[in-house]
There are 2 protein chains.
Amino acid sequence: MNEEEQVLIHCLYFTASRFARNITKLADKTFDFGDLAPSYLYMIMIVKFHPGITQKELCHKLSIAPSTSTRFIDKLEKLKLVTRKMDGKLTFISLTEEGEKVYHQFRVSLKELFNSYARVLGSEFSKDLSKMLHEASNNLERDL
Amino acid sequence: MNEEEQVLIHCLYFTASRFARNITKLADKTFDFGDLAPSYLYMIMIVKFHPGITQKELCHKLSIAPSTSTRFIDKLEKLKLVTRKMDGKLTFISLTEEGEKVYHQFRVSLKELFNSYARVLGSEFSKDLSKMLHEASNNLERDL
DNA sequence: CCCTTTCATTTGCATATACAAATAAATTTA
DNA sequence: TAAATTTATTTGTATATGCAAATGAAAGGG
């Protein structure tokens, strides 16, 4: 193994950023929800599983900054896909009827996306990789 | 395993994007090169290993769009870290003396970064994950 | 040798995203 | 209870990044 490979392949920052760009490109191609970029769909899904989730909790689950979550929710609210209920300093987010509908379409697209990359990467490899990334994020968020 | 975990954990788009944000946050904290964000250092490293690389080849190795590479090179050139040599429709990029110096400092920071995440994720796990991401990117770029 | 096609790069514009500062609500302290 | 501190969210501003259109250069066909 030459020097380049040692350095480039072993740096998680490099490999993860590059991979994220590649998979985002694929997700963009696969999903077709008009204005909604894939990351909004990720948020919709989390809200679906945690109706009334607080904004802070959303930030944690997505690993995004609070300001980003504000702007995401702004957009989703404008599209009438989620509702905000504010109480004191907390904001609770839930799906609207329309949001539920988008969620169900989205589930179908998710399968398509999985098939696209599984065809190239292999089904087991994809699942393993995904699981590792999930756990690594949780560990980093907890311990740093 | 509940429904949430099945869906969220198995989607590479979600897990990869989130992980990339987490590791970028860590890289930002670890690197301190004034104006230079970590992604510029990635580019510097690739140029170091491939002196006179074309812009197109750089785009491929970083998985970035051509427009992004133009702007990155603009900035690095302004900082006198790389040189452009244009010939016909090709542009060849190389490091300057100053660029070489930054590269060597950078290597030290890279070790630090590795230690930071290896402390949380484990050294072997980190290397495995990184290798998987590297190969997955190459496969996606080739086959899609 | 012009014209069309192709290819690499750049520019214009839009979005995701972050950080820092501002705001606003709740909690603690004196 | 009034003031200070903490916490959650929002706003201002800046950067990374992509796509689509524009530019500029080479290559091929007549």
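Naming: A, B, ... by sequence-line order, numbering from 1 per chain. Quantities reported herein were computed from a predicted structural model and do not represent experimental measurements.
Between C:dA16 and A:Y40, a contact under 4.0 Å exists linking OP1 or OP2 to a side-chain N or O.
Residues from residues 11-19 of chain A placing a heavy atom under 4.0 Å of any atom in DNA chain C do not occur.
If you check D:dT9, D:dG12, C:dA16 against the side chain of A:T70, the one that comes closest is D:dT9. Among C:dA20, D:dG18, C:dT9, the nucleotide with an atom closest to any side-chain atom of B:I64 is D:dG18. Here the nucleotide nearest the side chain of B:R21, chosen from C:dC19, C:dT17, D:dA16, is C:dT17. Candidate nucleotides C:dA16, C:dT10, D:dT11 were compared by shortest atom distance to the side chain of A:S39, and C:dA16 ranks first.
The aromatic rings of B:F72 and B:Y40 sit parallel to each other, their planes meeting at less than 30°, with 60° as the upper class boundary. Using a 30° and 60° split on the angle between ring planes, B:F49 and B:Y103 fall in the perpendicular class, above 60°.
Counting non-hydrogen atoms under 4.0 angstrom, A:T24 reaches nothing in the nucleic acid. When heavy atoms are screened at a 4.0 angstrom cut-off, A:R71 is found touching base atoms of the nucleic acid. Here A:T91 lies in heavy-atom contact (under 4.0 Å) with sugar-phosphate atoms only.
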Which nucleotides of DNA chain D pair, in dot-bracket form (Watson-Crick or G-U under 3.5 Å, | meaning another strand): ||||||||||||||||||||||||||||||
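Remark: the A:R21 side chain and the B:S63 side chain contain no N/O donor-acceptor pair separated by less than 3.5 Å. Side-chain contact check for A:E77 and A:T83: no donor-acceptor pair (N or O, by modelled atom type) lies under 3.5 Å.
Counting heavy-atom neighbours within 6.0 Å of B:K56 NZ, excluding the residue itself, gives a total of 12 or less.
Between B:K89 atom NZ and C:dT5 atom C1' the separation is 10 Å, expressed in whole Å.
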